[in-house]
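Notes follow once the structure below has been shown.
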Amino acid sequence: MKQKGEARLRASPFCLVHNNVRTQALWDNYAMNTTLLSGLNPPQQQAVTLPHQSALILAGAGSGKTRVLTTRIAYLISTGTVSPHGILAVTFTNKAAKEMITRLTSMLPINTRGMWIGTFHGLCNRMLRAHFREANLPQTFQILDSGDQLSAIKRVMKAMNIDDKKFIPREVQNFISGSKEQGLRANDVEAYDPYTRRKVEIFAEYDAQCQREGVVDFSELLLRSYELLSRNAAIREHYQARFKHILVDEFQDTNPLQYRWLKLLAGKDNALFAVGDDDQSIYAFRGANVGNMQELLRDFHVENVIKLEQNYRSHGNILDAANALISNNQNRLGKELWTAESGGEPLRVYEAPTDVEEANFIVSEIQQLKSEGINLREIALLYRSNAQSRVLEHSLVSAGLSYRVYGGLRFFERQEIKHALAYLRVMENTDDDNALLRIINFPTRGIGARSIEQLQEVAKMNNTTLFDAAARAGGKVSAFVGMIVAMRSATRELPLPEIIGHVLNESGLIAHYSNETGAKKREAEERLENLNELLNAATLFVHENEDDSLTSFLSHASLEAGEHQAGDQDDALHLMTVHASKGLEFHSVFITGMEEGLFPHQNSQHMEDGLGEERRLMYVAITRARRRLYLTFAQSRMLHGQTNSAMVSSFMRELPEELLHWITPRLAPRSAFKPAYAPYPTQHAVADYAAPAKRPADMSGWRIGQNVEHAKFGEGVVLSVEGNGADARVQVQFRKTGSKWLSLEYAKLTAL
DNA sequence: CGCACGTGGTTTTTT
DNA sequence: ACCACGTGCG
């Protein structure tokens with residue numbers, strides 16, 4: 001066994017010899033490392049065993065990215081290259097961080113304590129808690145989630161007397177977060193027009209308000225941490241001396257601020273090990289900058305990019321389709337997936353007349369798959385936008401198939417949970433006006449809008465927080481203050497779950513929901529269950545965390561809004577957006593709504609590299625499938641209450657025909673195009689429906705899919721036909737001018 | 001205070 | 001079509 005491992009290592013050009021330091025520890029762990037490395041392919045081994053230098057690992061879908069990342073850490077530690085203390089591993093989601101810890105625990109005989117493994121936000125929070133004074137924050141600073149941030153912005157705008165019609169709070173929020181993600185404070189933003197200047201003023205006021213109230217939003221966690229490191233040499237040097245190895249997952253998703261944060265921590269001596277896939281960059285819309293990959297190569301003098309191109313997930317045809325599609329993108333770092341598996345099945349394509357029929361087809365296929373023994377949990381229905389799930393759900397319910405929709409409201413975002421947490425937050429930090437406003441009159445205790453306004457005026461006049469103003473008020477307001485103070489002293493010595501139990505009762509939340517009757521009864525019962533679940537979450541938290549303080553739990557609640565729900569066990573279909581599917585895999589995948597305007601989405605056209613991002617999204621969707629992939633589309637679909645006709649997605653034409661099996665009659669072959677127009681036929685949705693045998697010409701003489709020419713509008717394709725005789729109208733999608741309804745009595749249409 | 005009605009928005013979303 | 005949110009009335 002040992003011999004075999006040794007032979008393999010010798011045979012590999014990427015063996016331990018890379019590591020020039022022949023430490024005793026290395027030798028001791030030789031056997032262990034052969035185990036660690038066995039089963040890795042050569043590029044994976046090369047990545048895992050790289051010497052102390054910065055590296056970019058281009059890891060394709062299903063190429064063992066997480067495995068390489070965790071094995072790298074295990075390798076560094078077991079060879080004695082670095083102690084756990086010197087490891088910083090960063091992810092984007094809590095799920096990914098947990099996964100990494102779980103895998104490491106199973107690989108290493110030591111526990112992961114000492115390493116910093118977590119999300120960007122989690123780690124920044126940790127750092128700010130450790131240096132709250134230097135970061136100019138109260139010890140018990142609270143974290144605003146996006147909802148909290150939005151209400152805080154609305155409050156600022158109200159105080160500034162700003163018309164929320166002219167300045168839409170949501171947009172201001174994007175502006176503020178967007179700026180911070182670029183590393184910009186209000187006075188760093190260059191504003192050349194009055195509108196932007198006003199937004200900058202709101203930005204500045206908002207930050208001032210957050211500072212007064214002792215709260216930070218998500219991007220503030222990062223920015224504040226970045227500023228702490230850049231301004232405080234002692235702290236910066238401390239962490240630079242500590243984290244010899246910095247490892248980043250999903251590097252293509254980093255925003256400019258996150259990249260600067262990483263650079264600062266890496267300093268000039270530490271190794272940044274970045275794993276990512278430019279072809280799976282699908283979060284540009286929220287500030288991710290794929291360009292960071294090229295910058296990394298330059299800034300860190302990365303000499304060799306290691307590519308992980310062997311895919312262990314999908315059959316050949318699926319990969320071939322993905323490769324063909326993504327090859328249409330520009331400026332790729334370059335990478336082509338391959339597999340040792342055979343070609344497998346062709347991709348199945350289905351064209352439905354309507355979205356409802358598309359859903360019905362999917363249901364019947366699922367029933368077929370089910371009868372073949374495929375578990376429902378191994379099947380995913382993917383769509384570009386959430387609105388599409390509705391029709392699918394309807395059909396699934398009728399067919400009695402169980403399913404789970406991902407991406408709904410999460411646990412800590414539920415109203416009743418937010419209320420309960422708000423009580424706890426005010427107890428922790430009375431300056432948190434956001435939290436105070438949420439609960440001062442919930443459950444209702446006779447403190448109306450008028451009283452609250454008065455409080456706000458008093459607070460503003462005396463330059464204090466609402467709680468201080470409330471403490472000086474009388475009547476019901478002072479009763480409220482008394483309640484908070486009493487809660488705080490009554491729970492001072494209690495363990496976390498008991499603190500929460502006390503607050504749930506004393507606040508009147510339990511009583512409030514218990515008293516609901518009539519139409520709201522059911523809803524209230526569910527809310528009570530969730531409050532009970534909050535107690536369970538607290539109990540679990542105490543078990544799992546060393547620091548089981550209330551502050552720590554509240555951070556946890558903000559940073560980890562809670563995995564979607566329990567119920568992972570039951571065998572149910574997965575319904576989700578393509579975005580949400582990243583990182584997952586299924587035996588069978590349905591990519592639904594393959595229509596121009598939907599996927600690629602219409603709005604992507606106005607954005608730089610919008611089509612490229614949509615194509616990457618499609619690439620992600622395709623590569624989720626292990627064995628079987630369906631692509632379905634509908635000629636007409638109900639959207640925003642209106643039935644729309646659409647052409648098939650231009651992406652369909654980017655898939656090699658020989659990989660496709662058309663269940664419905666297939667589209668006209670590529671030769672039917674005249675590529676005289678734009679390089680991508682998206683703007684001028686190209687006419688390419690073959691005459692489907694099933695749909696004969698109707699009384700009007702025109703049939704759907706017919707290629708036509710109009711004297712004025714040029715070439716197009718018939719999307720639908722309506723009415724007869726003098727009333728007959730046809731809807732035509734023209735290459736150049738979009739779709740139009742034409743009355744057949746007047747329009748001069750010629751068949752092509 | 002709570003309900004009824006009106007309005008705006010509806011690509012993707014983690015922290 | 002549908003949902004979330006805000007305002008105004010009883």
Side-chain angles (χ1 to χ4, degrees), chain A residues 90-97 118-125 143-151 154 158 164-165 168-171 174 177 180-181 216-223 225 250 253-255 257-258 281-288 355 382-391 394 406-410 412-413 415 441-450 516 518-520 555-564 576-583 593 597-607 610 613-614 616-618 620-621 637-644:
Chain A
V90 198
T91 63
F92 275 86
T93 64
N94 292 296
K95 196 176 161 195
T119 63
F120 278 101
H121 295 84
L123 297 172
C124 287
N125 177 52
I143 300 164
L144 302 184
D145 67 20
S146 350
D148 299 330
Q149 185 187 29
L150 189 61
S151 39
K154 284 179 184 167
K158 207 166 190 176
D164 63 3
K165 293 282 187 301
I168 296 142
R170 263 311 293 265
E171 208 219 303
N174 289 336
S177 300
K180 288 187 183 180
E181 278 158 16
V216 298
D217 60 49
F218 286 137
S219 26
E220 183 70 25
L221 281 172
L222 282 152
L223 185 51
S225 168
E250 304 277 18
D253 289 338
T254 51
N255 64 36
L257 177 58
Q258 286 160 337
S281 157
I282 56 173
Y283 285 111
F285 72 92
R286 66 171 196 216
D355 49 354
L382 307 185
Y383 34 81
R384 176 64 180 83
S385 65
N386 284 304
Q388 289 166 253
S389 74
R390 194 168 210 62
V391 178
H394 185 84
Y406 285 74
L409 192 59
R410 281 166 321 164
F412 286 111
E413 282 166 358
Q415 190 204 100
N441 199 34
F442 192 95
T444 50
R445 46 178 73 87
I447 303 175
R450 197 68 257 277
E516 276 308 349
K520 286 197 164 178
S555 297
H556 164 82
S558 301
L559 291 175
E560 199 172 333
E563 296 305 309
H564 298 288
M576 64 186 87
T577 62
V578 180
H579 282 93
S581 75
K582 196 170 98 170
L598 196 58
F599 197 6
H601 197 277
Q602 191 67 44
N603 296 2
S604 66
Q605 290 204 358
H606 320 302
M607 293 151 81
E613 177 131 329
E614 294 291 307
R616 291 190 290 273
L617 201 45
M618 181 66 188
V620 167
R637 172 180 304 277
M638 178 87 107
L639 204 63
H640 312 320
Q642 278 189 319
T643 304
N644 296 86

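Every chain is numbered from 1 and lettered A, B, ... according to where its sequence line falls, protein lines coming before strand lines. Note that the structure is a prediction, hence the values are computed from the model and not measured.
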Could you state the CG-C1' distance from A:Asp164 to C:dT7, rounded to the nearest angstrom?
12 Å
Measure distances between side-chain N and O atoms of A:Ser146 and base N and O atoms of B:dT15, and say whether any donor-acceptor pair falls under 3.5 Å.
yes
Within the pair A:Asn441 and B:dC1, is there a side-chain N or O less than 4.0 Å away from OP1 or OP2?
yes
Nearest whole Å is fine: how far is C:dC5 P from A:Leu150 CG?
9 Å
Rounding to an integer number of Å, can you tell me how far A:Gln602 CD sits from B:dT12 P?
15 Å
Kindly give the heavy-atom pair with the smallest separation between A:Phe218 and A:Asp145, and that separation in Å.
CE1-CA, 3.6 Å
For A:Leu257 and B:dT14, give me the distance from atom CG to atom C1', rounded to whole Å.
15 Å
Could you tell me how far apart A:Gln388 (CD) and B:dT10 (P) are, to the nearest whole angstrom?
16 Å
Between A:His579 (NE2) and B:dT11 (P), how many Å, whole number?
13 Å
Among B:dT15, B:dT13, B:dT10, which nucleotide has an atom closest to any side-chain atom of A:His640?
B:dT10
Under-4.0 Å side-chain N/O to phosphate OP1/OP2 contact, A:Ser604 with B:dT12:
no
Check every atom of B:dG9, B:dT11, B:dT15 against the side chain of A:Ile168 and return the nucleotide holding the closest atom.
B:dG9
Tell me whether A:His601 and B:dT11 count as stacked here, given that the ring centres must be under 5.5 Å apart and the planes must differ by less than 30 degrees.
yes
Using only atom types and a distance under 3.5 Å, with no angle test, would you say the side chain of A:Gln258 pairs donor to acceptor with the backbone of A:Phe120?
no
In terms of side-chain heavy atoms of A:Thr119, which of B:dT15, B:dT12, C:dA1 is nearest?
B:dT15
Would you tell me if any nitrogen or oxygen in the side chain of A:Asn94 comes within less than 4.0 Å of OP1 or OP2 on B:dT15?
yes
From the list B:dG9, B:dT14, B:dT12, which nucleotide is the closest neighbour of the side chain of A:Thr577?
B:dT12
Exam field: side chain A:Thr91 to backbone A:Thr93, donor-acceptor pair closer than 3.5 Å:
yes
Starting the side chain at C-beta, find the nucleotide from B:dT12, C:dC5, B:dT14 nearest to A:Lys154.
C:dC5
Please state the P separation for the pair B:dT13 and C:dA4 - nearest whole angstrom.
16 Å
Assuming nearest nucleotide by heavy-atom distance, tell me which of A:Ala387 and A:Leu559 is located more 5' along DNA chain B.
A:Ala387
Students often get this wrong, so: under 4.0 angstrom with heavy atoms, is A:Met576 touching a base, only sugar-phosphate, or nothing?
nothing
In whole angstroms, the gap separating P of B:dG9 from CZ of A:Arg170 amounts to 11 Å
Electrostatic pair A:Glu181:A:Arg286 at N-O distance under 4.0 angstrom
no
Least distance between heavy atoms, A:Leu222 atom then A:His121 atom:
CD1-NE2, 3.3 Å
When you compare the ring of A:Phe285 with the six-membered ring of B:dT12's base, are the centres less than 5.5 Å apart and the planes under 30° from each other?
yes
Nearest whole Å is fine: how far is B:dT15 P from A:Asp217 CG?
16 Å
Any side-chain N or O of A:Asn386 under 4.0 Å from OP1/OP2 of B:dT13?
yes
Are OP1 or OP2 of B:dT15 and a side-chain N or O of A:Arg286 less than 4.0 angstrom apart?
no
Answer yes if the ring centres of A:Phe285 and A:His579 are under 6.0 angstrom apart, and no otherwise.
yes
Can you work out whether A:Lys165 or A:Asn603 has the more 5'-proximal nearest nucleotide on DNA chain B?
A:Lys165
Test item: A:Thr643 side-chain N/O and A:Leu639 main-chain N/O as donor-acceptor pair under 3.5 Å
no
C1' atoms of C:dC3 and B:dT14, separation to the nearest Å:
23 Å
A:Thr444 has its side chain closest, among B:dT15, B:dT13, B:dG2, to B:dG2
A:Arg410 side-chain N/O to B:dT15 phosphate OP1/OP2 under 4.0 Å:
yes
